[in-house]
Amino acid sequence: MFHVLESRIQSAFSDYLKVRYGLDITVVTEQPKQSSFGEIALPIAFQLARELKKAPRVIAQEIIDGVGEIPGVGAMEIAGNGYINVRYDRGAYARMLLEGASHATAARAGKVIVEHTNINPNKAAHIGHLRNAVLGDTFCRLLRAAGYPVEVQNYIDNTGVQVADVVVAFHFLEKKSLDEVKALIAGPRFDYVCWDLYARISSYYKDDPESKKWRAETLHAIEAGHGELSDMGHLVADAIVECHLATMRRLDITYDVLPRESEILHLKFWAQAFEQLKERKAIYFETEGKNKGCWVMPGAAFNDDAEQEDSKVIVRSNGTVTYVGKDIAYQMWKFGLLGKDFFYRILKTYADGHQIWVSTTASDQTAPPFGSASQVFNVIDSRQSYLQDVVVAGLRQLGYNEQADKSIHFSYEMVALSPRTCVELGIELSEEDKKRPYVEVSGRKGLGVKADDLIDKLIETALKEVESRHPESPAEERREVAEQIARGALRYFLLKFTRNTVIAFDFQEALSFTGESGPYVQYAAMRPRKILSKLGERGEALPDFATVLTAEALNRQLIQEDFWQLLLAASKTGATVEKAVNSGEPAHVARYAFQLAQEFSNFYQAHPVLHEEDAEKRALLLWLTKFFGDQLDATLALLGIPSPRYM
RNA sequence: GCGCCCGUAGCUCAGCUGGAUAGAGCGUUUGGCUACGAACCAAAAGGUCGCAUGUUCGAAUCAUGCCGGGCGCACCA
């Protein structure tokens, strides 16, 4: 609601400036430094001072006098050297909130695709993958809240080197047959088995470089798509994808469609893209130098200043296509530029009816129309920004400038480990590493925190707390609450950092349920519900707010500053979502949730709602309680965090 | 060597489309459960915003240069 009034003020000002001074400028608004200055501050007079050659205060006065009445605005005043501070009409504003004035966000046209998770299906997910998935999933929720139709994709590289390596380990190292691998898949934690195996084969390659020929052989078989090695590749990849889906499900993360690399190959997506790239001279055949015999994209295409920047190989001299090439084809498909589509089948249907589709080479199932988006967000680690630049350059070279502009690398920094956590995990550190603020994880070495281990640990920690506080509750229910708290703790922990901050993962910090944490917010969100249910237990009903709390009554009550500030804070959800979507920063919403929780905890402490005797004030307190509870729950939902019924 | 990111309180981080007295959490010290549950609240201490120059009425925020740290720059993904 806050931003509705804010934009109303902005347009009133800009209309006036146009008429009065003939100026067409965008009016910026800010939050005043101190709440006592009002709700909105406009530094517009400073902006105009030079142009109009007048003192800012004089200009500010002219504007205030001229701009006239703005519905919902109570007063405007000049402050400091020429700030214009705007105060809302408290009663009118509260009344708008009370009536639930339609701030229903308008649906926006143009599908947005968000691609996230994208874990190589060859081992268990780790903490870094969780950051990717939680960021991507939360951003999807925010986009939907802002009115965008969203399609969630999780790309599966099921024919790549990493899958091949695990197949090599099973087949050549462990001499396992297909049936033996199937037995392992049926057993517990197949993704953990592969995690160790992947580390083993990686070090084996190092000790015995000759063994790399196994990889080449396996990769070739997988790409050709037949034979035992290929079958095993599919078996492993499909099983690991199931593990990943289950892990993500624990955090309430799901997908619409899983496009797989095997279909990109077999449905000849690349061949189609290759023709376009050649035809439009986006790539050329190199006849000399180190890249002789390859199709390459000139360095100038993706790097404007460096002349000596190396070209990027797209097709190798042996005729196979690189990952970047395949990614260009995939990116073209996302925008509907390829002239080809996958076939699809339903991979699974969840209890709530949500279906996950997966690409396939032939199908008689009718799938929703996937792809053909007008905007694409690729949630990918910042370490891959160079390659993402090449992909976008590919679109541009093909003449798809509009799509290139709408192709966004939603990058984030890695999750490393704090030295203390390394020690806990039994990872040996060099003296040099011990002094560093963080240590990078390595899948190849098998170093890292597995996602499921972390979630288990969080649940265990939460369960202890819940058990000590609610010994009388059924065990099953306590478990459910503990799971919700764990989910809240983890998602909040991963979201509270802005994207370009390296997270030095630390168990102690992640397991903390106090201070700026998910459980703190969940705890605060539980309190309004508790108050309202206590009211019911006393046999009292909620007053009819709409009749008791007239604009006059609200004005009387909201003179009290902390009530007004509280209400104001809780009305900024929409503004926060908008800001987070525009800046691509889910952390803004996480911080907002924490702020709301703080405000309410404060209120809770200061005003015993049910003990209030003055009827009008009591009605206000109850309404604030109700309103806050709803806003807290809604904000948590935006973050994918559940609100436990008790804690 | 080139490119991208980071440097703000003891620690971990917000704030960066320039704007009023630079903010949180943790930790430290102190106080608050006979209240709608203390996973809470209140208070205190704690800052050359890496350094320098510039632009500006005004810089943590923009520009340039330096210093320190991280990550990229494969016919791997």
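All values derive from a computational prediction rather than experimental measurement. Note on naming: letters A, B, ... go to the chains in the order of the sequence lines (proteins, then strands), and numbering restarts at 1 for each one. Excluded from the calculations below are hydrogen atoms, water molecules and symmetry mates; all remaining heavy atoms, backbone and side chain alike, are included.
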Tell me whether the OP1 or OP2 atom of [N] has a side-chain N or O from [X] closer than 4.0 Å.
X: Arg436(A); N: C71(B); value: no
X: Asn500(A); N: C6(B); value: yes
X: Asn291(A); N: C75(B); value: yes
X: Gln388(A); N: C4(B); value: no
X: Asn602(A); N: C40(B); value: no
X: Thr501(A); N: A14(B); value: yes

Which is true for [X] with a 4.0 Å heavy-atom rule: it touches a base, it touches only sugar-phosphate, or it touches nothing?
X: Gln162(A); result: nothing
X: Lys292(A); result: base
X: Val163(A); result: nothing
X: His607(A); result: base
X: Arg469(A); result: base
X: Val609(A); result: base
X: Leu387(A); result: base
X: Tyr438(A); result: sugar-phosphate

Does the side chain of Asp327(A) come under 3.5 Å of the side chain of Tyr155(A) through a donor N or O and an acceptor N or O?
no
Ile63(A) pairs by side chain to side chain contact (heavy atoms under 4.5 Å, CB included) with which of Leu42(A), Ile44(A), Val58(A)?
Ile44(A)
Let's test this: given Watson-Crick or G-U wobble pairing with both distances under 3.5 Å, identify the partner of G68(B).
C6(B)
Under a 3.5 Å limit for both distances, which nucleotide forms a Watson-Crick or G-U wobble pair with C62(B), could you say?
G54(B)
In whole angstrom, give the distance that lies between atom CD of Glu413(A) and atom P of A14(B).
11 Å
When rounded to whole Å, the CG to C1' distance for the pair Asp389(A) and C5(B) reads 13 Å
Can you tell me if Lys579(A) uses its side chain to pair, donor with acceptor, with the backbone of His588(A) under 3.5 Å?
no
Can you find a donor-acceptor N/O pair under 3.5 angstrom joining the side chain of Arg591(A) to the base of A24(B)?
no
Is any side-chain N or O of Asp381(A) under 3.5 Å from a base N or O of A77(B), one able to act as donor and the other as acceptor?
no
For the residue pair Phe507(A) and Phe505(A), categorise the inter-ring angle as parallel (less than 30°), tilted (30 to 60°) or perpendicular (more than 60°).
perpendicular
According to the interplanar angle, ranging from 0 to 90°, do the rings of Trp295(A) and Phe274(A) count as parallel (below 30°), tilted (30 to 60°) or perpendicular (above 60°)?
perpendicular
Quantified in whole Å, what is the C1' atom distance between nucleotide C49(B) and nucleotide C13(B)?
14 Å
Electrostatic pair Glu261(A):Lys326(A) at N-O distance under 4.0 angstrom:
yes
Is the ring of Tyr386(A) stacked on the base of C73(B), with centres less than 5.5 Å apart and planes under 30° off?
no
Are A39(B) and Tyr520(A) stacked, with the base six-membered ring and the side-chain ring centres under 5.5 Å apart and planes under 30°?
no
If you assign each of Gln605(A) and Met526(A) to its closest nucleotide in RNA chain B, which residue comes earlier from the 5' end?
Met526(A)
On RNA chain B, nearest-nucleotide positions of Val321(A) versus Ser382(A): which is more 5'?
Ser382(A)
